[in-house]
Amino acid sequence: MVAPAKRKRARLRRLARAELPVDAEDLAHFLIGKYLVRDDEHGRASGRIVENETYHQDDPAAHTHRGETPRNRSMFLERGHAYVYFIYGMWYAVNITADVRGVGAGVLLRALVPCDGVALMQSRRGSVRLTDLARGPGRLTTALAIDRRLDGTDLTRRGPLWLATDDSRAPPIGVTTRIGLRKEAHRPLRFFSRAPDDLPYVSGPRAALAGSRVLL
DNA sequence: CGGCTGATGATCT
DNA sequence: GATCATCAGCCGG
């Protein structure tokens, strides 16, 4: 049994594009501990990012590897935009774009620690344990009501979906291999918060976390 | 916890 | 027509 981390309600500040690292891997590290905030007519739902993966255009596993198509075109936007895609006939997943305009790179968000709007997220997901609410790329988009209509959203602007920080110190970060890939499965491009309170919210096999390298 | 499987449809070849 | 950057439910240990 794991008690939710007790932290006072974070005061969130919108992140500016200038604060976001350009390089996709640097951006992935930077985003661990930051917040994704969803505002709609039902209210606010937000979560702290505790797991993500990097995809760069030069990586055969990336959607953008073969160039721009109607589906992936938002991945080629300047850093700090949303790339939302539909997968396995049932789920959406969201990336935060990286690199400069014209390069197809980004960071897949894989898990959040629920912050604001827990009841709202539970109503969207069905009542589930706090640690299961937004653990996994398809679950977190369901919890935050993210679909293709949010594809291309500028996350550094006021709007339905944006990035924030509480200006606290970044948690320790671990690195391991990405999940669900056939190609390039060995690359160490999955990042997660090693803070003990955060680990129950990180997706994937527990053994992979235990055997992972310490990045920071 | 780990392993397996069916569901389900857009996208690209 | 094959391929998915997945999930829930079920099984066994």
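Every value quoted in this text rests on a predicted model; they were computed, and no experiment measured them. Just so it is clear: chains get the letters A, B, ... in the order the sequence lines come, proteins before strands, and each one is counted from 1.
Within 4.0 Å (heavy atoms only), R71(A) reaches sugar-phosphate atoms of the nucleic acid but no base atom.
The CH2 atom of W91(A) sits 13 Å away from the C1' atom of dG6(B) (whole-angstrom rounding). In this structure, R187(A) places its CZ atom 14 Å from P of dA5(C), rounding to the nearest Å. The separation between R135(A) atom CZ and dC1(B) atom P is 7 Å, rounded to whole Å. Protein atom CG of L108(A) is 7 Å distant from nucleotide atom P of dT6(C), rounded to whole Å. In this entry the distance linking CG of N95(A) with C1' of dA5(C) reads 8 Å, nearest Å. dA2(C) atom P lies 17 Å from atom NZ of K183(A), rounded to whole Å. With rounding to whole Å, I87(A) atom CD1 is found 4 Å from dC4(C) atom C1'. Counting to the nearest Å, the P atom of dA5(C) and the CE atom of M90(A) are 14 Å from each other.
Taking every side-chain heavy atom of R66(A) into account, dT13(B) is the closest of dG9(B), dT6(C), dT13(B). Closest to the side chain of R206(A), out of dA5(C), dT11(B), dC1(B), is dC1(B). Here the side chain of R182(A) is nearest to one of dC7(C), dC4(C), dA5(C), namely dC4(C).
The aromatic ring of Y55(A) stacks onto the base of dA5(C), its centre lying under 5.5 Å from the centre of the six-membered base ring with the two planes under 30° apart.
Using N1 to N3 plus N6-O4 or O6-N4 for Watson-Crick, or N1-O2 and O6-N3 for G-U wobble, each under 3.5 Å, dA5(C) pairs with nothing. In this structure, dC11(C) and dG2(B) make a Watson-Crick or G-U wobble pair, each of the two defining distances being under 3.5 angstrom.
The aromatic rings of Y92(A) and F86(A) sit tilted, their planes meeting at an angle between 30° and 60°.
Between T69(A) and Y88(A), the residue anchored nearer the 5' end of DNA chain B, judged by the nucleotide with its closest heavy atom, is Y88(A).
For R17(A), the CZ atom sits in a packed shell: over 12 heavy atoms of surrounding residues, nucleotides or ligands are nearer than 6.0 Å. Summarising the local packing, CZ of R187(A) is surrounded by more than 12 heavy atoms from other residues, nucleotides or ligands at distances under 6.0 Å.
Note that R110(A) lies outside the cation-pi zone of F192(A), set by a 6.0 Å cut-off to the ring centre and a 45° limit from the axis.
Counting distance only, with no hydrogens placed and no angle test, the side-chain atoms of Y85(A) and the base atoms of dA10(B) include no donor-acceptor pair under 3.5 Å.
With F76(A) as reference, T64(A) is the one residue of T97(A), V100(A), T64(A) to meet the side chain to side chain contact (heavy atoms under 4.5 Å, CB included) rule.
Look at R125(A) and you'll find a side-chain N or O under 4.0 angstrom from OP1 or OP2 of dA8(C). Of the side-chain N and O atoms in R110(A), one or more sit less than 4.0 angstrom from OP1 or OP2 of dT6(C).
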